[in-house]
Amino acid sequence: MKRLHPDLSLLFLFGFFTLFSNVCSDLVISKLDRQIDLSSQIVRFTTSLKLENNGAEAVSKVLLPYPENQGKNLAFLSVTVTEGKGKTKTSSDRLHVDVVHPEGMPPSLTWYAVSLPKELSKGGSLTLEVKAVFTHLLTLFPEKITQAEAQLVAFQDSAHYLSPYAVKIQSLTVKLPEPKVESYTKLENTKFSGSEIKYGPYENIPPFSLPTIIVHFVSNKPFSVAQELVREIEVSHWGNVQVTENYNLIHAGAELKGVFSRLDYQERPHVRGASALSSLVARLPARAHSIYYRDDIGNISTSNVYSDSAKTLLEIEPRYPMFGGWRTAFTIGYGLPLQDFLFKSQGKRFLDITFGCPMNDIVIENLFVKVVLPEGSKDISVVAPFPTKETRETKLSHLDIAGRPVIVLEKKNVVPEHNKKFQVYYRFSSFSLLREPLMLVFGFFLFFVACIVYVHADFTISKSSPSYIAKLQWDEVQTAVQQFQNIMNCVLVIHDKLDASLRDLSRTGDVQACKAARKNADAFLKELTKELKPLSAFLQSSPQALQIVPKVDELVIKEKELQEKLMLKHSMVVDSYEKKSGGRDIDNRVTAVQQKITLLRQEVDDLLEVIDEI
Amino acid sequence: MAAQETSQSAIFRHAFGNVLSFTVLLLIGVMAFSIRLFSVIKYESVIHEFDPYFNYRVTQFLTKSGVYDFWNWFDDRTWYPLGRVIGGTVYPGLTLTAGTLWRILNSINIPLSVETVCVFTAPVFSAFASWATYLLTKEIKGAGAGLTAAALLAMVPSYISRSVAGSYDNEAVAIFALIFTFYLYIKTLNTGSLFYATLNAIAYFYMVCSWGGYTFIINLIPMHVLLCIVTGRYSPRLYIAYAPLVVLGTLLAALVPVVGFNAVMTSEHFASFLVFIIIHVVALVYYIKGILTPQMFKVAVTLVVSVGMVLCFAVLAVLIALVASSPTKGWSGRSLSLLDPTYASKYIPIIASVSEHQPPTWPSYFMDINVLAFLVPAGIIACFLPLSDASSFAVLYIVTSVYFSGVMVRLMLVLAPAACIMSGIALSEAFDVFTRSIKFHLVGTTQNPQENAGDATKVTQNDVKSEKSEDTVKERSSRKSKKKDKENIEKPSLVSRVEKRLLVLPLETSVMAVFLVVLLGAFYVVHCVWAAAEAYSAPSIVLTSRSHDGLHVFDDFREAYAWLSHNTEVDDKVASWWDYGYQTTAMANRTVIVDNNTWNNTHIATVGTALSSPEKAAWDIFNSLDVKYVLVVFGGLVGYPSDDINKFLWMVRIGGGVFPHIKEPDYLRDGQYRIDSQATPTMLNCLMYKLSYYRFVETDGRGYDKVRNTEIGKKHFKLNHFEEVFTTHHWMVRIYKLKSPRNRIRGKTKRSKSQKSGTSKRSTRKKNPWQ
């Protein structure tokens, strides 16, 4: 089993540095106050140093060394100058910090040089506040726990401030998440109260003096680490900024050993699963809309949104409670109103949006921020508050031709302190907005034109091919037959009219009117017969009409017969009326003719139907 | 001049009709698409159920690796350790369709995900299917019937149940292919065009690619051809419609790997070849009849018949020999169960265990085709007035599909288009009659004032009124007045010609009838929307329930699959009953032992045996299969009825079918399946019981199972060879890990002890086929 032991290298360094202790002795730290916040997996050091220049020369740089394990896990460092005390305390902007490699110093230390805003002259003094944020600084001990056990972690640092300068008075406060401590190193002046451990004050400590302290304590906060987070911010000038965040999350706390019992977890979630990650809260900008939360296999239903005028809170639960070592992957996405994030300055547009992830207490090992600008954006430049690795891509999306420019910003070890706004400047003409709708309009227009052309144009390859000619002829025949039918119908209508006039006669006895009708009908019929002639001639001449011609001829003959009979009947009736014969007499005379007429009419109708079907 | 004008107006009317029907068709397509989106709106855009997950996974592979890799894909994530040759055992139509859609969309820069394309394939194709129905019915009975049938098909519940958004299954595209093939067949039959015959073969090829149901086509069309020949309707058009289909279709079908030589070697296809021979004989006879004189023909007939009989017997004998030589008599199990509905339940429990292979109940007919069931007879009658080649096909289609749907619930899907076509014809004919009667009466009355202005017609109209009793005269005069009308107001002449033959119903009756028919249609629409929204939209991987405090979501399946996918090793093997195989491979990306493909009965029986064995024996079987996790579905806590305990008897039966030491009666107390204190010790000690109810009693103190509505029989027990690693929020999925063999020395002593007893070792070996 692994034992918890102090880092020997630190002790070794201690001896090593005494040799070089006079290197930077011009500066003296007259008062130093250190606070280490261990309440979550992200360790935050807040150090305030009061510097005095005892040397002859003015000093413009202050060196801040960090031991190896801290140096490589340092995620965020900010140094400010503070003036005044208590309520009147003001702090300046962040000072410029560089990584330096001073000569003669061991390479295992990471050195940062703070450039002071103005040189510190002899005898002058200055208070600096250094905020350093570390990830992965806590050691899990034990590394594997069961569901019922609490998660224990160890933290190790020196009780004294690691500095190349002599420190007159210094103190250290370690803040723990819970007032439960397994063990802690007891030095002189050590005080444990509540959830805080205080070391010091210590006076007149020479540079590089490093007594190690180890705190072993209960930390049940889940260690949620996003091994990769890809944030895609897509700007649409139609009024939307779409943010899509792909998380690849792991609970980096003590691994779950043995079984996971849902029963135990449901009965006492705070005891049997104290360190489990059951929910995350994302703090999204106000007026975020169309929020979704899903993964590869679909929507995850365990989420809630609370919104007010200042922010939108999205509370999400992973599909399953995450115990140590368990992983998950999911995507959240939301739309933001464009006018809240896109501004104009000096003819350029700029997007002003936060860099990091909207969730607190998540450490992101690899963060990719992709800003997708609309197609046709030019002169793109990025202003970020901290160094990032920048690359360019293009992305092809809806209705794109050249692709949209994508700026990819990459950063490792991201903590909530990085959640600052960054700016992307670019030029984009408003006319380009209309390009895509116009493209659509034009496309549909072309499509309809093509349809019209297709319908109207004749795509026959060979105009002389027999089938084509046959088709043309068939069309002609069809129109002829249709005309023929029309005429026939007209004729039949005239017949009906004649019949009607006869009936009129029987009612009113107006012979003159009946005669007039007869005359009228005669004239019409003649005209129609004339019209009929060229048609039947055409049909007879056309080879396509072979099957139709006999029917047509038959119809013409039958119709003629019918007409004759009808005329006969008509004249008979009129005659009888003129002779004032009795109604019964007329009926007797007409019956024979009438029977024939009905028969013929039937035949004509049948024929017409047959032709109609052709 | 008048004639010219009328022809112009006819053209105008024609164009207007075309535009109108185009618009109606477009709207029908939109409706068919959007009625299937209830699942997306009520739930989410997600793949449904079991088989669609497999298809989705195959499509993902296809889009990632390309077509050639797809044909050669050997899937080692399933049927461990056997694997499965996906490219050769899957109907590729659906996958290729969705893959092509995805590729096209991406090539024109519409970056839809594969999942989205898969989810919406079925609704898109149901719009296509309704258009194909329009075409088919138009060929049979005209455009009006076509539009009605298309509208009916767009929302028929039976089809919706298989094609809601997310239901990414073969049937989704196959129904379109089926209807379209039939349309092209009828089109060829009506036109005699070789062009359509070729298209028909291609459509048939697409159908073969898409669904095993293609055998329905290749049996129905020959039946129809035979019917035509027998009823003396043989024509060259029939020959053109059939012969190229058989030749080209069979060649093309043999190109599909999953069919291959089955296209010529299994009995399902023999009918088509037989009819192919018959149609040639008939064609020859007709040809000879054409060139010979009647006397000579008689002589020839006697000659040919005598020779032909001999030949036919010879061919028949060969066929019978061929069929008899194959073990299942040349018929696959599923097809056999079509002919003999009791076949499957008698011989193949694995087919019988699937609920969609059961015969349907009467309510399911009403649920699935609703009022269409009552309209179908009317449609059949309409098809006989007059009977054409096309309408006889429709009749044959409905009759056969009614039979098949009676055998298997799943084939209700084939019945649905036929029912829609028939009902479309019936409704359209009914509307035709009623509206014509109404129009006739309305025209009769409204035109009176108009005609007053005219000269002689006034009398006629009066006559019409006076002689109401005489129907024929009335018609005549109406025609007369209409003709008059045409002359004056330039109405087309052709339409009215047909009218006179038909009976005209009284105005009140026809108005009432139209009202009732519309009411019937409205009822159908309401039912369909209800079915689409409530009954058929559930994706079944996520369940919801409504209680007094709002909607409750049960997302346990995905919770379990997500856990498996993120928190187990990539190569871990997961054992579960075969129902969950496809989902596990697709969602959790873990190797499974058996899945829904059910191609290897022995393998499934092995898993069934393991689940119905006591813990140690089960551990041995699973361990020999390299299984690391066992997944069971348990609904007892929340009352989810289709869980593993309810399916358990099938596991016993299927397991017992191969390994006889598993006996169904051991699990039944007096023929009853129970898990309460009356249950048999075999039941209470089997792995399935233990994994389902492990620590269940601690939830409420007495172990009350909400599905079986009883307290469980054995409440407190420990697992020795398995350990619980994950249980989902509602306990619906429980995942156990096989404990690694504990202590070698103790195991050795045990073994030496058991060797003393002698027989037990042999029996364990027998129990486990993988050692």
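A, B, ... follow the sequence lines: proteins, then strands. Residue 1 opens every chain.
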Legend entry - Part of Glu698(B) lying under 4.5 Å from any heavy atom of chain A: both
Legend entry - Under 4.5 Å from a heavy atom of chain B, the part of Leu263(A) involved: both
Legend entry - Within the 6.0 Å centroid threshold, strictly below: Phe634(B) and Phe696(B): yes
Inset, instruction - Give the ring-plane orientation class for Trp563(B) versus Tyr629(B), where under 30° counts as parallel, over 60° as perpendicular and anything between as tilted. - result: perpendicular
Legend entry - Largest heavy-atom contact set with chain A, pairs under 4.5 Å, which of Asp555(B), Asp556(B), Val46(B): Asp555(B)
Inset, instruction - For the pair Asp572(B) and Lys737(B), find out whether any cationic side-chain nitrogen is under 4.0 Å from an anionic carboxylate oxygen. - result: no
Inset, instruction - Counting only heavy atoms closer than 4.5 Å, note whether Val725(B) contacts chain A via side chain, backbone, both or neither. - result: backbone
Inset, instruction - Report yes or no: do Gln147(A) and Tyr265(A) form a side-chain donor-acceptor pair below 3.5 Å? - result: no
Legend entry - chain B contact via Asn248(A) - side chain, backbone, both or neither, heavy atoms under 4.5 Å: neither
Legend entry - Contact leader toward chain A among Thr728(B), Val553(B), Ile735(B), where contacts are heavy-atom pairs under 4.5 Å: Thr728(B)
Legend entry - Options Arg734(B), Glu44(B), Arg558(B), ranked by heavy-atom pairs under 4.5 Å with chain A, top entry: Arg558(B)
Legend entry - salt bridge (Lys or Arg N to Asp or Glu O under 4.0 Å) evaluation trace for Glu267(A) with Arg695(B): CA-CA 13 Å; Glu267(A) 277 179 348; Arg695(B) 296 188 73 185; 6.0 Å; no
Legend entry - Minimum side-chain heavy-atom gap Val733(B)-Glu559(B) below 4.5 Å: no
